[in-house]
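Report on the following structure.
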There are 2 protein chains.
Amino acid sequence: MTETAPRPTLEAVAARAGVSRATVSRVVNGGEGVREPLVERVLRAVEELGYVPNQAARSLVTKRHDAVAVVIAEPETRVFADPFFALQLRGISKELTAHDSQLVLLLTEGRADHARVGRYLAGGHVDGALVFSLHLDDPLPELVQRAGVPTVFGGRPDWGEGNRSVYVDSDNRGGAREAVRYLVGLGRRRVGHITGALDQTSAVDRLDGFRDVMVDADPRLIAEGDFTPAGGERAMRLLLERCPDLDAVFAANDLAASGALRVLRAQGRRVPEDVAVVGFDDMLPVAEQTDPPLTTIRQDIEEMGRLMARLLLRALDRRGTSLDDGPGADDGPSGVVLPTTLVRRASA
Amino acid sequence: MTETAPRPTLEAVAARAGVSRATVSRVVNGGEGVREPLVERVLRAVEELGYVPNQAARSLVTKRHDAVAVVIAEPETRVFADPFFALQLRGISKELTAHDSQLVLLLTEGRADHARVGRYLAGGHVDGALVFSLHLDDPLPELVQRAGVPTVFGGRPDWGEGNRSVYVDSDNRGGAREAVRYLVGLGRRRVGHITGALDQTSAVDRLDGFRDVMVDADPRLIAEGDFTPAGGERAMRLLLERCPDLDAVFAANDLAASGALRVLRAQGRRVPEDVAVVGFDDMLPVAEQTDPPLTTIRQDIEEMGRLMARLLLRALDRRGTSLDDGPGADDGPSGVVLPTTLVRRASA
DNA sequence: GTGAAAGCGCTAACAA
DNA sequence: TTGTTAGCGCTTTCAC
């Protein structure tokens with residue numbers, strides 16, 4: 001590997017520049033209130049010695065870490081099947097970078113890891129946390145709450161209205177409504193729905209959106225899926241069997257829609273002539289590659305990540321300056337919902 | 001958000017347990033050489049107070065961080081288009097977790113970020129780094145080297161044999177050979193190749209593997225792609241145009257193969273009867289969903305991540321105990337190459 | 001086996 | 001403006 005050269009300390013820089021440690025510290029942290037010639041000298045010494053501040057020492061006194069934890073639960077699930085996760089991370093990373101914060105990734109799979117995450121969060125390693133809690137009965141939100149770390153959730157946590165935890169979500173319900181309305185506007189009357197995994201709020205919300213429009217839909221027009229292509233296939237077959245006269249399908253995500261498309265083709269139904277199909281996500285590698293390309297509801301995943309990070313960082317900054325930083329002290333919205341847009345391609 | 005309760009310190013635990021700080025420290029770090037009754041008392045106090053050690057303070061004295069940086073360059077590229085990246089991270093995360101190490105993720109996109117990464121690595125925040133350097137002229141390896149942090153690379157870096165940097169890679173060349181041999185074994189004589197992005201070692205290695213078998217292949221049977229479905233389509237069209245008599249194609253990855261499949265279907269060639277197709281990766285959401293399902297070369301991405309982490313951690317552990325931890329001190333292999341396997345499905 | 005004390009590298013009062 | 005000083009919370013000799 002490589003050798004570990006002992007890094008120079010503040011002390012060394014101070015000696016070299018012929019000033020005190022305090023002055024070096026000031027310069028390194030912005031140079032406020034230090035006269036120009038000294039600043040120069042210090043900067044030169046820093047340069048020559050290749051000095052980089054020791055973050056551990058700094059954190060010890062400032063209690064800041066310039067780091068944020070990103071907790072992603074159960075990577076077994078669909079999070080890993082599509083680029084969702086990666087895009088989200090990219091958005092978060094960009095925002096954190098711009099704020100000079102580091103991203104500490106905590107992947108969990110199961111109860112054992114929960115304890116570890118709790119300990120880590122409580123251990124004061126990070127200034128805040130971004131938590132993706134996809135499942136309805138996830139213990140993570142509760143746990144994070146207890147750790148006492150400022151947190152923003154990705155996706156609406158499954159909590160009553162009483163809890164004012166901050167979260168960012170897509171307008172799943174509104175998007176679903178738009179999808180179904182679009183199908184209805186196309187003249188379709190027998191619109192089916194392939195749900196997502198119903199233990200996730202996003203799937204529940206999309207189902208609700210479907211119901212908002214198809215007010216008293218034939219219950220046989222709703223088939224449960226799980227956000228996977230295989231689940232989409234199964235659900236599509238069921239739908240076709242129960243309602244052969246079906247003329248449109250709204251699938252809870254693009255992956256499921258791709259499965260549905262395959263079944264429709266196999267059974268000789270033309271898309272969109274016989275059955276129109278709309279997905280959700282606008283996951284490019286999926287939506288653009290299906291045959292026919294998928295009409296779908298687009299959500300801006302990367303922006304979601306960005307926004308989560310921004311919200312957290314803002315809260316952390318406030319904390320530093322203002323006094324009323326108690327829970328729910330600010331009267332802003334506790335949930336931010338991002339709009340979705342319909343993307344027309346060939347499937348509907 | 002949430003309030004920041006002041007966390008109890010070692011001092012507090014010591015007071016509560018009626019012992020010295022030193023004793024608490026010993027217990028917290030394994031309890032060696034502390035008599036049983038005291039251990040009990042301390043543990044109880046820790047429990048009651050909910051004490052969690054402050055990592056910053058600990059790092060300050062131990063110079064260990066129990067954290068490893070994962071550097072991923074240019075997330076714009078295909079890394080984000082397929083679950084590659086996520087799987088790799090999962091493998092890494094599992095191994096690090098088992099070793100009580102944290103994963104600090106550094107995503108970079110461009111030169112500006114390089115400087116930041118360099119600074120971070122040099123700043124001594126982490127014990128080591130796992131670096132994915134996909135591109136041939138990537139400045140990252142060089143930079144990391146200079147930062148003086150123990151590093152394991154993901155994918156063979158583009159370096160001469162002189163450099164003994166540690167890396168983990170799939171047997172791209174061997175896998176490609178196996179794919180092409182399989183096609184030849186099927187009786188195919190006009191085997192084409194759709195390359196990956198040739199600025200990545202993996203693409204180059206796969207092309208080399210292809211050439212190993214098709215020793216003096218008609219150069220027109222090789223078309224440059226870029227690991228994307230669109231690139232696969234373009235290359236396939238070109239191939240068909242140049243060599244209408246082609247009877248098999250080896251694509252550098254599954255995504256490209258899926259594009260090729262679409263073009264073949266559109267042009268009325270039956271797969272595998274007229275043209276047999278083999279991919280690379282065995283990216284499940286892709287390979288299983290194509291029509292027909294893809295015969296492909298499987299690489300175990302998650303295991304790659306795991307292995308990278310394991311190699312790094314082992315090196316770090318050695319460093320602590322042994323004396324000869326200089327660069328290249330051990331005579332073990334500097335590159336570990338994981339085997340690939342052929343997965344037969346319907347496309348060949 | 002246990003405690004006292006020094007100090008890791010830095011920031012933040014406070015003095016000068 | 002600059003320097004002096006006192007810790008931040010922990011580990012680690014070194015005595016006892």
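Only this structure's heavy atoms are used, side chains among them; waters, hydrogens and symmetry mates stay out. Naming convention: chains lettered A, B, ... in sequence-line order (proteins, then strands); numbering from 1 in each chain.
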In whole angstrom, give the distance that lies between atom CZ of Arg26(B) and atom P of dG3(C). 8 Å

Rounded to whole angstrom units, what separation is found between the NE2 atom of His125(B) and the P atom of dC10(C)? 11 Å

Would the base of dG9(D) count as contacting Arg7(B) through its side chain, where contact means a donor and an acceptor less than 3.5 Å apart? no

Consider side chain to side chain contact (heavy atoms under 4.5 Å, CB included). Of Val68(B), Val152(B), Thr151(B), Val166(B), which one does Met308(B) pass it with? Val152(B)

What's the CG-P distance between Asn29(B) and dG9(D), to the nearest Å? 17 Å

Taking Arg156(B) first and then Asp158(B), would you say they form a salt bridge - that is, a charged N and a carboxylate O separated by under 4.0 Å? no

Nucleotide nearest Thr9(A) (side chain, heavy atoms from C-beta), chosen from dA12(C), dG9(C), dA6(C): dG9(C)

Are Ser25(B) and dT11(D) close enough that a side-chain N or O sits under 4.0 Å from OP1 or OP2? yes

Under 4.0 angstrom between Thr23(A) side-chain N/O and dG3(D) OP1 or OP2: yes

Can you confirm whether more than 12 heavy atoms, excluding those of Glu48(B), are under 6.0 Å from its CD atom? yes

DNA chain D contacts made by residues 42-66 of chain B, counting heavy atoms under 4.0 Å: Tyr51(B), Pro53(B), Asn54(B), Ala57(B), Arg58(B), Leu60(B), Val61(B), Thr62(B)

Salt-bridge criterion met for Arg146(A) and Glu142(A) (N-O under 4.0 Å): yes

What is the minimum heavy-atom distance between Ala147(A) and Ala122(A), and which atoms define it? CB-N, 4.1 Å

Minimum heavy-atom distance between Leu106(B) and Gln102(A), given as atom pair plus value: CD2-OE1, 2.9 Å

Mapping Val28(A) and Gly33(B) onto DNA chain C by nearest heavy atom, which one lands closer to the 5' end? Gly33(B)

CD of Glu11(A) versus P of dC10(C): gap in Å, rounded? 9 Å

Sorted by position of nearest nucleotide on DNA chain D, 5' first, the leading residue of Gly18(A) and Leu10(B) is Gly18(A)

